[in-house]
Asker: 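Sharing a structure below in structure tokens format, with a few things to ask.
Every value quoted in this text rests on a predicted model; they were computed, and no experiment measured them. Heavy-atom basis, side chains included; hydrogens, waters and symmetry copies ignored. In what follows, every chain begins at residue 1, and chains take the letters A, B, ... in the order their sequences are listed.
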There are 2 protein chains.
Amino acid sequence: MVTTTSTRPKPRPRDRAGTEGTILDAVSRLILRDGLSGVGINALAREAGVDKVLIYRYFGDLDGLYRAYAEHGDFWWTVEEMLAATDGATDAADALKRGLRHHAAAMRQRPVTLAVIAAEPTNRTALVVALEEVREKRSIELMEKEAARHGGWGDVDIAAVTALLAAAIDYLAARALRIRVYGGVEIKTNKDWERVLATVDAMIDGVFMAAFPSNPKEKS
Amino acid sequence: MVTTTSTRPKPRPRDRAGTEGTILDAVSRLILRDGLSGVGINALAREAGVDKVLIYRYFGDLDGLYRAYAEHGDFWWTVEEMLAATDGATDAADALKRGLRHHAAAMRQRPVTLAVIAAEPTNRTALVVALEEVREKRSIELMEKEAARHGGWGDVDIAAVTALLAAAIDYLAARALRIRVYGGVEIKTNKDWERVLATVDAMIDGVFMAAFPSNPKEKS
DNA sequence: CGTATATGTCACCGAATGGTGACAACAACA
DNA sequence: TGTTGTTGTCACCATTCGGTGACATATACG
């Protein structure tokens with residue numbers, strides 16, 4: 001005869017690795033749906049269909065969970081990837097343009113990263129800090145390698161230019177998750193973004209042209 | 001015999017206007033200390049030293065409180081103020097440079113506004129929406145008036161340029177409330193900001209120069 | 001004066017939060 | 001076989017949250 005399974009419907013299989021994966025997957029879903037601040041112990045356990053005590057047992061606390069999640073996922077471009085994207089650039093300005101376009105594309109296809117960036121100013125959890133560290137490290141390493149490739153940046157304050165433009169792209173991309181307009185400029189479609197990136201190109205051209213006025217760029 | 005005032009220490013005076021002011025002041029303090037997400041009914045009542053039922057009575061709910069707060073404070077530059085700041089500009093590029101410098105200064109001296117901006121992507125409350133509306137309205141009005149002053153913007157996509165640079169400034173200023181570095185660029189002191197704003201100037205010069213290559217710096 | 005209303009105080013509600021202790025059952029190993 | 005530790009389940013805790021009803025008292029108005 002059948003045991004009365006109706007009172008105990010679905011005993012989760014005893015599989016720690018699988019359960020951990022279930023939990024980490026639920027983190028992604030929760031960040032996408034409710035933002036980083038929506039990731040709490042209770043909500044997470046509910047979303048994962050797992051008893052919250054398992055989260056404590058396997059990850060210690062929320063910070064431990066964040067650290068595990070930060071190591072588990074793919075949140076940024078790699079330096080190799082970026083060097084490949086800027087390979088064949090005709091000069092430093094061209095490399096920067098290609099790099100920022102790759103950056104924009106990489107951000108836009110990682111909504112979880114964007115959600116974390118959106119939460120950065122107000123939610124300084126271990127996940128935010130871990131992702132920031134990766135970004136700082138990779139951008140500095142990339143800038144050194146690009147500088148070596150192109151023999152420096154001339155009179156251009158490349159760190160400030162890059163910081164300004166990357167900050168604008170990050171902010172607009174994170175904002176576009178939910179709001180999709182800023183200062184009258186739409187940021188919804190690929191076409192909208194092409195407009196923004198064309199302007200980024202123009203500003204880069206301009207700032208390099210101003211620094212090297214004797215070497216004007218010919219546009220076809 | 002003295003009445004046992006020890007059990008009822010400080011009966012708040014019956015003064016609705018004063019109490020409303022006390023509450024609105026507490027909103028500012030709370031936003032500065034804990035961010036916009038720290039403004040809840042209970043925390044606010046505690047901070048203001050006021051019973052929370054008064055908040056409901058006078059403002060309805062949190063959204064009503066936010067709307068009242070939005071009308072009460074000084075959160076942005078005005079169009080008149082901005083036109084004065086850009087008065088005497090030699091050309092459109094110069095006007096944009098002066099305008100963005102004034103924008104940066106105006107933002108940096110309004111930490112409450114910065115805290116609201118920081119919360120924008122994740123906290124779509126009535127206060128955030130109200131402040132966004134003011135910003136959109138004023139920036140569009142300003143751009144029209146500046147365009148009339150300088151006879152248009154030539155081939156420059158002024159909306160995109162302004163949006164990018166203002167987004168970068170807003171993001172960096174909001175971030176500087178707590179973090180103070182981005183992409184290796186410090187954003188602490190006035191000197192740090194002068195470096196960033198000089199780069200903004202250079203990019204504006206560049207993009208206008210690229211749009212008017214035959215007319216480097218001349219006014220008809 | 002008496003009375004109504006505005007203002008302020010207090011006590012409570014259900015829900016959700018982060019967190020812990022106790023227990024059941026399965027697996028590995030002796 | 002019996003024991004031990006891991007995995008999962010459940011019940012509970014104190015705290016905070018947004019929200020409401022009941023009550024006290026000072027003020028304005030008849």
Asker: Using a 4.5 Å cut-off on heavy atoms from C-beta on, say whether the side chain of A:R138 contacts that of A:T78.
Answerer: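 The answer is yes, as the side chains (C-beta and beyond) meet within the 4.5 Å cut-off.
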Asker: Name every donor-acceptor pair, under 3.5 Å, that has one atom in a side chain of residues 59-66 of chain B and the other anywhere in the protein, sequence neighbours excluded.
Answerer:
from: B:D61; atom 1: OD1; to: B:D63; atom 2: N; distance (Å): 3.4
from: B:D61; atom 1: OD1; to: B:G64; atom 2: N; distance (Å): 3.0
from: B:Y66; atom 1: OH; to: B:V39; atom 2: O; distance (Å): 3.4

Asker: It should be established whether A:T19 places a side-chain nitrogen or oxygen under 4.0 Å from OP1 or OP2 of nucleotide D:dT7.
Answerer: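 Looking at the OP1 and OP2 atoms of D:dT7, neither is under 4.0 Å from any side-chain N or O of A:T19.
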Asker: Restricting to pairs with a member in residues 35-51 of chain B, which pass salt bridge (Lys or Arg N to Asp or Glu O under 4.0 Å), not counting sequence neighbours?
Answerer: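 Applying salt bridge (Lys or Arg N to Asp or Glu O under 4.0 Å) to every pair that reaches into residues 35-51 of chain B, excluding sequence neighbours, yields B:R29-B:E47, B:R33-B:E47.
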Asker: Quick one, which residues of residues 44-66 of chain A touch DNA chain D with a heavy atom under 4.0 Å?
Answerer: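 Correct list: A:D51, A:V53, A:L54, A:R57, A:Y58.
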Asker: Please lay out, stage by stage, how A:D25 and A:T22 fare under the test side-chain hydrogen bond (donor to acceptor under 3.5 Å, both in side chains).
Answerer: CA-CA 5 Å; A:D25 287 349; A:T22 302; 6.0 Å; no
Asker: Counting only pairs under 3.5 Å, give me each side-chain donor-acceptor contact of residues 174-186 of chain A, with atom names and distances, residues two or more places apart or in other chains.
Answerer:
from: A:R175; atom 1: NE; to: A:V181; atom 2: O; distance (Å): 2.9
from: A:R175; atom 1: NH1; to: A:Y171; atom 2: OH; distance (Å): 3.4
from: A:R175; atom 1: NH1; to: B:E120; atom 2: OE1; distance (Å): 2.7
from: A:R175; atom 1: NH2; to: A:V181; atom 2: O; distance (Å): 3.4
from: A:R175; atom 1: NH2; to: B:E132; atom 2: OE2; distance (Å): 3.0
from: A:R180; atom 1: NE; to: A:A176; atom 2: O; distance (Å): 2.8
from: A:R180; atom 1: NH2; to: A:A176; atom 2: O; distance (Å): 3.2
from: A:Y182; atom 1: OH; to: B:D170; atom 2: OD2; distance (Å): 2.8
from: A:E186; atom 1: OE1; to: A:K188; atom 2: NZ; distance (Å): 3.0

Asker: Going by salt bridge (Lys or Arg N to Asp or Glu O under 4.0 Å), name the pairs with one or both residues in residues 75-85 of chain A, residues two or more places apart or in two chains.
Answerer: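 Salt bridge (Lys or Arg N to Asp or Glu O under 4.0 Å) check on residues 75-85 of chain A returns no pairs.
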Asker: Output all residues satisfying salt bridge (charged side-chain N to carboxylate O under 4.0 Å, His left out) with B:K137, sequence neighbours left out; order by chain, then residue number.
Answerer: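 Once residues adjacent in sequence are excluded, B:K137 has no partner under the salt bridge (charged side-chain N to carboxylate O under 4.0 Å, His left out) criterion.
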Asker: May I ask you to decide whether A:R16 forms a salt bridge with A:E20, counting only side-chain N to carboxylate O separations under 4.0 Å?
Answerer: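 A salt bridge links A:R16 with A:E20.
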Asker: Could I get the full list of salt bridge (charged side-chain N to carboxylate O under 4.0 Å, His left out) partners for B:E141, not counting sequence neighbours?
Answerer: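 With sequence neighbours excluded, B:E141 shows a salt bridge (charged side-chain N to carboxylate O under 4.0 Å, His left out) to B:K145, given in chain and number order.
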Asker: Restricting to nitrogen or oxygen on both sides, can you table the protein-nucleotides 2-6 of chain D pairs closer than 3.5 Å?
Answerer:
from: D:dT6; atom 1: O2; to: A:R14; atom 2: NH1; distance (Å): 2.9

Asker: Do the charged groups of A:D87 and A:R149 touch, with an N to O distance under 4.0 Å?
Answerer: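 A:R149 and A:D87: salt-bridged.
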Asker: Enumerate the residues from residues 20-27 of chain A whose closest heavy atom to DNA chain C is under 4.0 Å, giving them by residue number; use none for an empty result.
Answerer: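 Those residues whose heavy atoms fall under 4.0 Å from DNA chain C, taken from residues 20-27 of chain A, amount to none.
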Asker: List in chain and number order the residues that pass salt bridge (charged side-chain N to carboxylate O under 4.0 Å, His left out) with A:R101, two or more places apart in sequence or in another chain; answer none if no residue qualifies.
Answerer: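 Partners of A:R101 by the salt bridge (charged side-chain N to carboxylate O under 4.0 Å, His left out) criterion, ordered by chain and then number, come out as A:E194, A:D201.
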Asker: So, using salt bridge (charged side-chain N to carboxylate O under 4.0 Å, His left out) as the criterion, who are the partners of B:D157 when residues are at least two apart?
Answerer: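 Applying salt bridge (charged side-chain N to carboxylate O under 4.0 Å, His left out) to B:D157 gives A:R195.
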Asker: May I ask you to list the residues of residues 33-42 of chain B, by number, that have any heavy atom positioned under 4.0 Å from an atom of DNA chain C?
Answerer: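 Going residue by residue through residues 33-42 of chain B, none turns out to have a heavy atom under 4.0 Å of DNA chain C.
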